[in-house]
Peer 1: 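The structure follows.
A note on names: the letters A, B, ... follow the listed sequences, proteins ahead of strands, and every chain is numbered from 1.
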Number of protein chains: 2
Amino acid sequence: MARLAGVSRATVSYVLNNTSAVRISEPTRRRVHEAAKELGYVPHAAARSLRAGHSRMVLMPAPTFPVGPLYSQFISELQWALGRLEYTVVQFGTVGLHGAEAARAWAELRPVAVLVPGSDLGPKDVAVLKRSGARAVVTLGSEAVEGAHALLMDHEAVGLCAGTHLYARGRRRIGVVVPEEPGLDAFSVPRLEGVRRALHGTEATVTDLPLAYEEAAAARLAARWRELGLDAVFAYNDEYAMLLMRALQDEGVGIPQETAVIGADDLMLGRLLRPRLSTVHIELPSGRDLADLVDRAVRNPGAAPETHTVLGASVVHRDST
Amino acid sequence: MARLAGVSRATVSYVLNNTSAVRISEPTRRRVHEAAKELGYVPHAAARSLRAGHSRMVLMPAPTFPVGPLYSQFISELQWALGRLEYTVVQFGTVGLHGAEAARAWAELRPVAVLVPGSDLGPKDVAVLKRSGARAVVTLGSEAVEGAHALLMDHEAVGLCAGTHLYARGRRRIGVVVPEEPGLDAFSVPRLEGVRRALHGTEATVTDLPLAYEEAAAARLAARWRELGLDAVFAYNDEYAMLLMRALQDEGVGIPQETAVIGADDLMLGRLLRPRLSTVHIELPSGRDLADLVDRAVRNPGAAPETHTVLGASVVHRDST
DNA sequence: TTGAAAGCGATACCAG
DNA sequence: CTGGTATCGCTTTCAA
């Protein structure tokens, strides 16, 4: 590269980085740029960050299970916002690694910040990441981890909303669908807990209803519906709600007269069902806000970890309750 | 690190990599391992791959729009399969970069392989990636790119299936929903083309129906349904099908008597609709197969690029047609 | 304005 | 069996 342009490597570096401290003559710049095009030269990111001692990579583990449109859009927005701040977002495919192992794998890449959904991370792991040069570690989950910033996604609030709404509509024997699919516990357990909390101290009862995301499972549950004697159900989310509602209707269970059904996530499909599905609308943190938090933390790594409760939950009352 | 263990950096490297060529005494190994734990030492991936001259990173651009469960699962499977072969999958958040720019950004990371969905990549860009050390470039899209392996996802086949099925069911005036959402053209245009091809040379007509993914848009389309005089519609996919079917039913259009509706993707929600939605089942390439292709290409970079047509399409006939 | 050289962290070779 | 040392590609300081 340097040879082809007939200049030194240093000069190449100056030109390609537009270093303002030194001024390079116009003809030289041209020669360098031409040589770069001709050779298809691309700088070596590893060498650069090795020398620089830091990078602008924001690392997050790639999701391992199908994720809804809500979260997809959140990620997109986040990438866009971090991109504007000149960070590079990298989703790292961590297949079977957990806790400490995963943290070490991430630390090897020396990211400037790490975003971790879920709560698979201990204080020890945070320390490893920080020692390896991460200036910000942010968890998105149900509880804060020592040493890391936290965006608390309070899924209990979702259940709380649903439970309160159903109680206000006069329902007293309330079922809560708990998906059997693995990986969803992190959301389903707090949602169930939220319903319990909403109804604590009242005469209402809460029954948990394990359910796999399959027609047959829903049919089996619907078949014994009348013996369960429930008058309402919070179905975890809109998709499970659709599954269960269909099965109940096929059994001749009247919705909402006999049983009220409420979902969560406020997906389009809920609006399309008949009766239209009531749901808990969930407001994720905006990608912009999270990007700003990351940027602040990176610029000022000494600051105390911030903990924000995000995730606004509010009932959208339609026809199924 | 080396200082704390009282040995040289080389020895550290030997111990931590279990280098078999040299044998290190047990006490020394212990000291090294203890020091590593104590310091929370993690090797520096950039330094390692700089020295080694290559990495085992497989790079793919992160999807920029919400992606369905089909594709999510494909990615998961792929990550798992490549993980088994000791590759590391990295989804790189390329926000607004296109073509050449994106290729250069990827090349900076010196990945051993690059997987690119879509066809935003020219032969020139493939060359840049290869010169930068990528031993395999694989495109997943509708057409092959010179120099790169290709997994052709033949979305025309999806339309072809749908068109053939509707014709066989006696339908002759066929509408095809084309989503107005940006980013979906890559799929929707070939699907429409496929329907055209299926009906070419017959007396049947094909009408394209632009539609935004909103209730109001669907209602407007349904309101002028009878004047369109169609007796069948291929709705791009199951979600658009649900949207349109609902609107048609609200207008009192009989399904399937008056208008047959078919979707695509074979999602769960189609089975839950009444009438149950006919659909085109799509078989994506298995993650395992793609992982093997990547591995083969990496081991033997000289070989001629392979082009495979993947994506099997088959009609699932239910009640809506 | 440009060139020479040090050094980031890990590895592989070659001496000790 | 272990320690020095050159090396990967790039940035940056210092001299020329």
Peer 1: For B/R56 and B/L85, which heavy atoms make the closest approach, and how far apart are they?
Peer 2: NH2-O, 3.0 Å
Peer 1: Under the rule for side chain to side chain contact (heavy atoms under 4.5 Å, CB included), what residues qualify as partners of A/D154, not counting sequence neighbours?
Peer 2: A/E156, A/A157, A/T309
Peer 1: Applying side chain to side chain contact (heavy atoms under 4.5 Å, CB included), can you list everything that pairs with B/T88, at least two apart in sequence or on another chain?
Peer 2: A/F92, B/V90
Peer 1: Using five pairs at either end of the helix from C/dT1-D/dA16 to C/dG16-D/dC1, determine the angle between the two local helix axes and round it to 10 degrees.
Peer 2: 50°
Peer 1: Going 5' to 3' through nucleotides 5-11 of chain C, assign each nucleotide B (protein heavy atom under 4.0 Å from a base atom), S (under 4.0 Å only from sugar-phosphate atoms) or - (no protein heavy atom that close).
Peer 2: -BBBBBB
Peer 1: Answer yes when B/D295 and B/R299 have at least one side-chain N-carboxylate O distance shorter than 4.0 Å, and no when they do not.
Peer 2: yes
Peer 1: Under the rule for ring-ring contact (aromatic ring centres under 6.0 Å, His included), what residues qualify as partners of A/H149, not counting sequence neighbours?
Peer 2: none
Peer 1: Rounded to the nearest 0.5 Å, how far apart are NE2 of B/H308 and CG of B/L140?
Peer 2: 12.5 Å
Peer 1: For B/E108 and D/dC8, what is the distance between atoms CD and P respectively, to the nearest whole Å?
Peer 2: 20 Å
Peer 1: Using modelled atom types and a 3.5 Å cut-off, is there a donor and acceptor pairing between side-chain atoms of B/R110 and backbone atoms of B/S55?
Peer 2: no
Peer 1: Report, one line per pair, each donor and acceptor closer than 3.5 Å where one atom sits in a side chain of residues 95-106 of chain A; sequence neighbours left out.
Peer 2:
unit_1 : atom_1 : unit_2 : atom_2 : d
A/H98  : ND1    : A/D120 : OD2    : 3.2
A/W106 : NE1    : A/T94  : OG1    : 3.1

